[in-house]
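Notes for the one structure printed next.
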Amino acid sequence: MAVLYKPCCYSETLNKKAWVQLTTFRAQWMSELKSSSGASGMSDRLLRAKGLKRTQDLAREEKATELFLRAVQEEQSGAVYEAIKFYRMAMQLVPDIEFKINYSRPADADRGGGNYNEDSDVDGEIEDLLAYFEQELTLESSFPKICNPELDTTQMHISALPREILMYIFRWVVSSELDMRALEQLSLVCRGFYICARDPEIWHSACVRVWGRNCTKVVPFKSWRDMFLQRPRVRFDGVYISKTSYIRQGEESLDGFYRAWHHVEYYRYLRFFPDGHVIMLTTPDDPLVIVPRLRTKNSRMDSALLGHFRLSQETDNQTKVFAVVSKKKEEKATEFQRNRFCRRNPPPEAEHSFHVGLHLSSGGCQSSNKLVWIHHSCHITYKLTGETVVTAFDLDRMYTPFFFARVKSYTAYSEQPL
């Protein structure tokens with residue numbers, strides 16, 4: 001039996017399948033086109049939204065900067081309440097505006113904060129350097145750190161400490177001995193340490209320790225640091241030494257053939273402390289022996305005189321140092337009379353004190369390193385009558401000036417913070 005094929009029916013079936021596949025492909029292609037066009041449109045909308053938000057943030061930051069600088073200007077002029085109002089408005093707009101301000105470039109003069117920074121000829125370089133470091137730290141991060149570790153470490157780095165803790169460490173570096181030289185050396189470590197070492201509170205505290213609580217105004221100096229470095233003051237990181245020598249004629253020999261001459265040499269030492277104490281010592285001993293023993297006020301040398309000093313700035317713009325020193329009071333030992341019939345007439349009890357006046361000047365390349373005698377007297381006060389006898393000494397060539405010598409061991413240890 002013969003089999004007959006129908007080629008027309010078979011080709012029709014193939015055409016239907018191809019048409020179905022084509023239709024499915026077209027539908028899938030159209031759906032992909034719609035989804036891609038929708039995604040691109042959405043991304044465009046997101047970009048526009050982000051751009052608008054950034055513009056708004058910049059405008060808000062610019063307004064906050066203007067308000068913050070206006071607050072600074074009001075605070076400097078003494079209007080504290082107005083300054084608080086502007087500070088609050090600025091921080092409501094941008095909470096961390098304090099860390100985003102470029103202090104080296106103030107706002108336009110037409111705005112509120114136009115006169116925030118004035119040009120300085122004397123200390124301008126330091127101010128510009130300080131502002132430059134602050135600007136660099138601000139640009140690196142919104143919440144800048146004082147410093148960053150140079151190498152990766154598994155231990156806790158000092159940059160993780162809050163700024164308040166770092167400032168407390170800096171006060172320990174300065175210590176109660178006012179070692180501002182160590183603070184200046186610490187500022188050479190990095191930019192953050194440089195900024196911390198220029199903190200006005202530290203330098204103001206140092207000025208108060210030197211000139212007293214009446215030191216409340218920084219004028220005519222540019223800053224508290226400028227006052228501490230330029231205003232005449234006694235130094236605490238060493239000792240003032242005066243060397244006196246003369247030739248004295250001795251006694252004649254027994255046979256009358258010759259007469260001896262003696263070369264006499266002795267030293268006077270003045271050691272000042274930041275708390276107002278002073279030690280005065282006159283001895284023939286060499287400075288290599290005496291200087292280490294003057295590190296603290298609790299000196300065990302019997303010939304040392306302990307007292308207080310004060311600085312005085314006269315109308316002629318000369319700084320003078322006045323000191324009152326006396327021997328340490330010692331407990332008297334009980335005396336027993338060897339013979340009851342022997343009566344002793346003890347000398348009247350009296351207190352001896354020495355008043356010293358010195359003129360502070362500068363010699364050579366160092367500042368405030370020379371003290372010249374202007375007064376020296378002895379005051380004897382009798383306890384029984386209360387009478388005081390004053391004996392003034394003539395300031396002859398024996399009163400040679402004091403010259404300062406720095407002693408590193410005096411500031412090697414910190415007993416208390418500033």
Side-chain angles (χ1 to χ4, degrees), residues 54-146 162-164 166-167 170-171 183 187 191-208 211 213-231:
R54 181 173 180 79
T55 304
Q56 293 176 351
D57 291 340
L58 290 176
R60 190 184 296 110
E61 183 176 341
E62 184 179 358
K63 182 64 177 177
T65 301
E66 178 183 348
L67 293 172
F68 192 90
L69 295 178
R70 176 71 181 277
V72 171
Q73 183 182 9
E74 295 291 342
E75 184 179 1
Q76 289 181 343
S77 62
V80 181
Y81 292 100
E82 294 293 325
I84 293 176
K85 181 179 69 174
F86 288 113
Y87 277 134
R88 186 182 294 112
M89 294 170 60
M91 297 188 69
Q92 286 177 353
L93 292 175
V94 181
D96 58 340
I97 186 61
E98 181 181 0
F99 303 98
K100 294 184 176 182
I101 293 181
N102 180 9
Y103 292 94
S104 62
R105 290 181 296 179
D108 295 337
D110 297 336
R111 300 180 183 176
N115 297 326
Y116 174 63
N117 278 340
E118 297 179 358
D119 295 334
S120 175
D121 296 334
V122 179
D123 204 18
E125 294 182 359
I126 295 181
E127 289 181 356
D128 291 342
L129 184 60
L130 181 62
Y132 174 73
F133 285 160
E134 290 179 346
Q135 179 185 0
E136 281 194 337
L137 291 178
T138 304
L139 294 177
E140 289 178 0
S141 174
S142 300
F143 300 95
K145 292 183 178 181
I146 294 298
R163 182 161 183 167
E164 293 77 9
L166 283 174
M167 297 309 302
F170 275 49
R171 287 180 176 270
L183 182 66
S187 67
R191 296 173 302 177
F193 280 23
Y194 184 92
I195 295 174
C196 292
R198 295 298 188 273
D199 184 66
E201 291 297 328
I202 292 182
W203 292 96
H204 183 206
S205 301
C207 292
V208 170
W211 292 286
R213 297 188 178 274
N214 294 328
C215 183
T216 57
K217 295 182 179 180
V218 71
V219 291
F221 301 96
K222 302 296 182 181
S223 62
W224 293 111
R225 178 176 176 272
D226 189 30
M227 174 188 290
F228 189 87
L229 297 178
Q230 296 187 14
R231 187 174 177 181

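Since we're looking at a predicted model, the values are computed, not measured. Quick note: numbers below take in every heavy atom, side chains included, and nothing from hydrogens, waters or symmetry partners.
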Is there a side-chain contact between [X] and [Y], using heavy atoms and a 4.5 Å cut-off?
| X | Y | answer |
| --- | --- | --- |
| Arg231 | Cys207 | no |
| Leu69 | Phe86 | no |
| Ser223 | Arg198 | no |

Write down the atom of [X], the atom of [Y], and the distance for their closest heavy-atom approach.
| X | Y | result |
| --- | --- | --- |
| Val94 | Arg60 | CG2-O, 4.0 Å |
| Trp203 | Leu183 | CZ2-CD2, 3.9 Å |
| Cys215 | His204 | O-NE2, 3.4 Å |
| Phe170 | Ala197 | CE2-N, 3.8 Å |

For the [atom1] atom of [X] and the [atom2] atom of [Y], what is their distance to the nearest 0.5 Å?
| X | Y | atom1 | atom2 | answer |
| --- | --- | --- | --- | --- |
| Lys217 | Trp224 | NZ | CH2 | 10.5 Å |
| Ile97 | Glu61 | CD1 | CD | 5.0 Å |
| Lys222 | Gln230 | NZ | CD | 10.0 Å |

side-chain contact (heavy atoms from CB on, under 4.5 Å) between Phe221 and Leu229, intermediate numbers included: CA-CA 10 Å; Phe221 301 96; Leu229 297 178; over 6 Å; no
Salt bridge present between Arg70 and Glu74 (N-O < 4.0 angstrom): yes
From CA spacing to verdict: side-chain contact (heavy atoms from CB on, under 4.5 Å), Met167, Arg171: CA-CA 6 Å; Met167 297 309 302; Arg171 287 180 176 270; 5.7 Å; no
